[in-house]
2 protein chains.
Amino acid sequence: MKKSKIDKRSRLIEAADKLVQQQGFNQTTLADIAQESKVPLGNVYYYFKTKDDIGHALIEHRTQCILHGQFSQWDKLSDPRKRILAAIKAVADNREILAQSGCPIGSLCQELHKEGGPLADKAAGMFSVLLEWLDAQFHLLGMGKASSDHALHLLAALQGASLLTNAFNDPTLMLREATRLKQWVTSL
Amino acid sequence: MKKSKIDKRSRLIEAADKLVQQQGFNQTTLADIAQESKVPLGNVYYYFKTKDDIGHALIEHRTQCILHGQFSQWDKLSDPRKRILAAIKAVADNREILAQSGCPIGSLCQELHKEGGPLADKAAGMFSVLLEWLDAQFHLLGMGKASSDHALHLLAALQGASLLTNAFNDPTLMLREATRLKQWVTSL
């Protein structure tokens with residue numbers, strides 16, 4: 001694709017990312033995305049025929065952000081314990097945004113699962129990526145067979161704390177749960 | 001209100017409860033609720049002028065189910081530890097439904113919070129009721145100042161596990177996290 005086309009496609013995905021996070025996937029129309037991205041609506045159809053198409057691209061984008069943004073940064077730390085603590089800190093540092101609009105992964109999964117279908121499965125793939133990374137870190141920490149349960153526990157606690165932080169619009173809830181989770185990881 | 005009016009109102013709320021859980025609040029119309037409850041649409045407006053009105057009634061209904069259904073049952077147990085364990089067991093026993101359509105409280109809170117306003121605050125009140133009850137049980141267990149953090153941790157873990165169970169459509173995830181949480185509560 002030409003550079004200008006890649007730019008427009010990226011702008012559409014970034015606009016979708018922002019709007020879906022603010023108002024949910026169902027409440028976001030292709031027209032909203034066109035307006036937010038300043039790409040003419042007639043032009044949007046060149047890149048994405050349906051809203052589900054942009055949903056797939058959005059999930060792909062968020063997955064790449066996890067893999068190449070967050071993981072590659074945390075993986076620079078030599079100690080798996082420090083990597084897990086860095087992941088918890090990253091969520092806690094994001095608490096103001098979580099209070100405002102919730103976790104972009106959790107809220108999208110929850111919304112899409114009401115309808116089911118391939119888009120919901122693709123969204124759950126974001127959780128798979130997170131669980132696998134956490135599982136690998138706990139294995140490196142010598143947790144053996146308990147690793148996958150530890151990974152599940154940590155992701156569940158962070159997701160649940162995000163949900164409560166969002167419901168009460170109270171960033172201190174995430175901070176309190178993150179403190180407990182850091183103590184737990186340090187104690188292992 | 002006459003008995004037949006109370007019946008119709010209850011049928012509308014029960015229909016809303018079912019549909020909102022299956023397809024979300026935004027995706028449910030007053031017409032859907034009329035059809036599901038077999039109350040004529042023109043009649044629905046006698047009871048609920050807007051969808052937000054039925055949203056308020058639905059949250060009120062779910063709150064009453066928590067207070068007079070779940071709590072009153074668990075409160076019959078003399079030991080606060082057994083009460084907390086019963087609450088965890090109730091969520092775990094519900095894992096097949098959670099896998100299919102998620103937690104009715106968590107998913108509604110998450111969806112409504114995207115829009116904000118009084119309905120979102122009212123939905124968060126369901127979490128307040130749960131947190132207060134758990135807090136009281138941990139206090140009775142002698143956890144003192146740690147009680148509110150314990151309550152937050154338990155509710156967050158259950159909510160996060162529900163979310164993952166739903167995203168992967170896998171009831172065993174809830175079972176695994178519930179087992180861990182029961183061990184934790186037993187160890188306190």
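Letters A, B, ... are given to chains in the order of the sequence lines, protein chains preceding strands, and every chain is numbered from 1. Here the structure is a predicted model, which is why all the values come from computation and not from measurement.
Proximity to chain B (any heavy atom under 4.5 Å) is shown, for S128(A), by both the backbone and the side chain. Contact of Q110(A) with chain B is made through backbone and side chain together, with heavy-atom distances under 4.5 Å. Interface residue L155(A): backbone and side-chain heavy atoms are both found under 4.5 Å from chain B. Using a 4.5 Å cut-off between heavy atoms, N169(A) touches chain B through backbone and side chain atoms alike. Heavy atoms of S148(A) lying under 4.5 Å from chain B belong to its backbone as well as its side chain. Residue Q100(A) touches chain B through its backbone alone, counting heavy-atom pairs closer than 4.5 Å.
Ring geometry for F168(A) against F127(B) counts as tilted: the plane angle lies between 30° and 60°, on a 0 to 90° scale.
Interatomic distance, CG of L163(A) versus CD of Q159(B), reported as 5.0 Å (0.5 Å rounding). One distance of note links CG of L164(B) with CG of L130(A); it measures 9.5 Å at 0.5 Å rounding. Of the inter-residue distances, the one linking L19(B) atom CG with K114(A) atom NZ reads 11.0 Å to the nearest 0.5 angstrom.
Hydrophobic clustering (ILVMFWY, side-chain heavy atoms < 4.5 Å, transitive): W184(B) and L131(B) are in one cluster. Criterion: ILVMFWY side-chain heavy atoms under 4.5 Å apart, direct or through other members. Under it, I13(B) and V129(B) are not part of a common hydrophobic cluster. The hydrophobic cluster containing L175(B) does not contain L173(B), counting ILVMFWY residues as joined when their side-chain heavy atoms lie under 4.5 angstrom apart, directly or transitively. No path of Ile, Leu, Val, Met, Phe, Trp and Tyr side chains, each step under 4.5 Å between heavy atoms, connects I54(B) with L58(B), placing them in separate hydrophobic clusters. By the criterion of side-chain heavy atoms lying less than 4.5 angstrom apart, applied directly or through intervening Ile, Leu, Val, Met, Phe, Trp or Tyr residues, L77(B) is not grouped with I66(B); the two fall into different hydrophobic clusters.
Within a 6.0 Å radius of CD in Q35(B), no more than 12 heavy atoms belonging to other residues, nucleotides or ligands are found. Around atom CD of Q73(B), no more than 12 heavy atoms belonging to other residues, nucleotides or ligands sit under 6.0 Å away. Few gaps surround NZ on K182(A); more than 12 heavy atoms of other groups in view lie less than 6.0 Å from it. The 12-atom threshold is not exceeded at NZ of K82(A), counting heavy atoms of other residues, nucleotides or ligands nearer than 6.0 Å. Summarising the local packing, NZ of K122(B) is surrounded by more than 12 heavy atoms from other residues, nucleotides or ligands at distances under 6.0 Å.
When each of S101(B), S107(B), A123(B), G24(B) is checked for heavy-atom pairs under 4.5 Å with chain A, S107(B) comes out on top. Of all the listed residues (M126(A), Q27(A), H153(A)), the one sharing the greatest number of non-hydrogen pairs under 4.5 Å with chain B is H153(A). Ranked by non-hydrogen atom pairs under 4.5 Å with chain A, the options C103(B), G106(B), C109(B), A120(B) are led by G106(B). If you tally non-hydrogen atom pairs under 4.5 Å between each of R176(B), R180(B), E177(B), Q23(B) and chain A, the highest count goes to R180(B).
In this structure, A157(A) and A156(B) approach most closely via the heavy-atom pair O-CB, 4.0 Å.
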